Amino acid sequence: MSLTGFAAPWWFLLLIAVAAVVAGYVVVQRLRRRRTLRFSNLELLEKVAPKSERRIRHVPAALITVALILFTVALAGPTAEAKVPRNRATVMLVIDVSLSMEATDVAPSRIKAAQEAARSFAQGLTPGVNLGLISFAGTATVLVAPTTERVNVVKSIDNLKLAQSTATGEGVFAALQSIEGFSSVIAGAEGPPPARIVLMTDGKQTVPTDDPYGPRGGFTAAQAARQAQVPISSISFGTSQGTVEIEGEQVPVEVDDESMREIAKLSGGEFYKAATAEELKQVYANLGEQIGYETKDADASRPWVVLGTLVLFVGVGSSLLIGQRLP
């Protein structure tokens, strides 16, 4: 029951009327007592109506007064912070499909764990969020444009194919282009919906060069995302023990946490580390909460109305029980 953020505080002026009713009740009771004392035998009155009984007859009036106060608070419109589903937002899920995702340091493999976690993320995202999907290896491919339909996104996640190289910057630039195109179509009087990129990768950028500050590098793309006001939630996935077999040789494929942390920082987003399939699921679950819901001041008057109604019923019931009549 909230007592903050009243939407219509002027309703509290009704408390003046409640105070007037209480004052009137007190005056009437005193006048009645004077008349009773004037014409009554005091000894007989004390035997017939002891003080305890005289006091209990005020209970119904007290309860009804409390009910009026509770209803007044409800009319003033108290508000409280509440999580509500977003009804407009755009999210681009950008997944690394380079050959390093074959590594089995995360059971059953990095790519399988990534697919399962991404599938759960897509299916659990609130309906009002438009979700798109991009995969990247040596190049970036827009698999699904932003949409509220989850079926195609889930199918595309299930059908991800691995390829050579890691073009992190290209994946981010492709996401920004998709967001810009989608926003220009659906932007209304409120402007384009808020957007975010969720970037999941396990390795260091290798193309077009290994310089993340190059024209199409990951850091350059992150700076472009900041200018476009599209934060990147980067997920570094995997361990330092990962290896893949290339031409019969075991090649180490360590994760690049520092690059992912810097991309998140440059874009104004958040960095997440996931070394196991369960950790990755938890990261996606947390992101689903952050992206799918927003905190707003919601109406909190219902509890006051319910409590006021209950107190009113008790007051009326006690009046019938004590005085055999309504107050």
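The shown structure was predicted, so the numbers you read here are calculated from the model rather than taken from an experiment. Values reported hereafter were calculated over all heavy atoms of this structure, with side chains retained and with hydrogens, waters and symmetry mates removed.
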- Task: Take Arg216 and Glu170 through the salt bridge (Lys or Arg N to Asp or Glu O under 4.0 Å) test and state the conclusion after the steps.
- Result: CA-CA 6 Å; Arg216 305 293 290 181; Glu170 294 296 337; 3.1 Å; yes
- Go through the steps to decide whether Lys281 and Glu279 satisfy the test salt bridge (Lys or Arg N to Asp or Glu O under 4.0 Å), and finish with yes or no. CA-CA 5 Å; Lys281 286 182 181 179; Glu279 288 180 1; over 6 Å; no
- Run the numbers on Arg119 and Glu116 for salt bridge (Lys or Arg N to Asp or Glu O under 4.0 Å), then give the verdict. CA-CA 5 Å; Arg119 189 185 307 115; Glu116 182 178 352; 5.6 Å; no
- Item | Criterion side chain to side chain contact (heavy atoms under 4.5 Å, CB included) on Glu270 and Tyr272, from CA distance to verdict | CA-CA 7 Å; Glu270 307 87 17; Tyr272 299 91; 3.7 Å; yes
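In this structure a side-chain-to-backbone donor-acceptor pair under 3.5 Å is present from Ser109 to Lys112.
Note on Val230 and Val172: same hydrophobic cluster, where clusters join Ile, Leu, Val, Met, Phe, Trp and Tyr whose side-chain heavy atoms are under 4.5 Å apart, directly or indirectly. In terms of hydrophobic clustering, with Ile, Leu, Val, Met, Phe, Trp and Tyr side chains grouped at heavy-atom distances under 4.5 Å, Ile263 and Ile134 are assigned to a common cluster. Following chains of ILVMFWY side-chain contacts shorter than 4.5 Å, one can reach Leu162 starting from Val106, so the two form part of one hydrophobic cluster. A single hydrophobic cluster is seen to contain both Tyr284 and Leu160, as judged by linkage of ILVMFWY side chains at heavy-atom distances under 4.5 Å, directly or through other members. One hydrophobic cluster holds both Leu307 and Val66 under the rule that ILVMFWY side chains link at heavy-atom gaps under 4.5 Å.
Residues Lys204 and Glu254 fail the side-chain proximity criterion, which asks for heavy atoms closer than 4.5 Å. Contact annotation: the side chain of Asp299 never approaches that of Thr79 to less than 4.5 Å [non-hydrogen atoms, C-beta and beyond]. Contact of the Phe219 side chain with the Ser259 side chain is registered, since non-hydrogen atoms from C-beta on lie closer than 4.5 Å. Within the 4.5 Å cutoff, side-chain heavy atoms of Ile291 are placed close to those of Phe121.
Heavy atoms from other residues, nucleotides or ligands lying under 6.0 Å from CD of Glu180 number 12 at most. For Glu249, the CD atom is loosely surrounded, since the number of other residues' heavy atoms within 6.0 Å does not exceed 12. Sparse packing is recorded around CD of Gln229, with 12 or fewer heavy atoms of other residues, nucleotides or ligands lying under 6.0 Å away. The number of heavy atoms from other shown groups lying within 6.0 Å of CD (Gln177) does not exceed 12.
For Phe12 and Phe6, the ring centers are positioned less than 6.0 Å apart.
When each of Ile197, Leu176, Val94 is paired with Ile232, the side chain to side chain contact (heavy atoms under 4.5 Å, CB included) condition holds for Ile197 and for no other. Considering Thr90, Leu287, Ile179 in turn, Leu287 is the only one that fulfils the side chain to side chain contact (heavy atoms under 4.5 Å, CB included) rule with Arg196. Exactly one of Val283, Ile235, Val255 qualifies for a side chain to side chain contact (heavy atoms under 4.5 Å, CB included) with Lys273. That residue is Val255. Phe237 pairs with exactly one of Thr276, Ile111, Thr201, Leu280 by the side chain to side chain contact (heavy atoms under 4.5 Å, CB included) rule, that one being Leu280.
By the 30° and 60° cut-offs, the orientation of the rings of His58 relative to Tyr25 is perpendicular.
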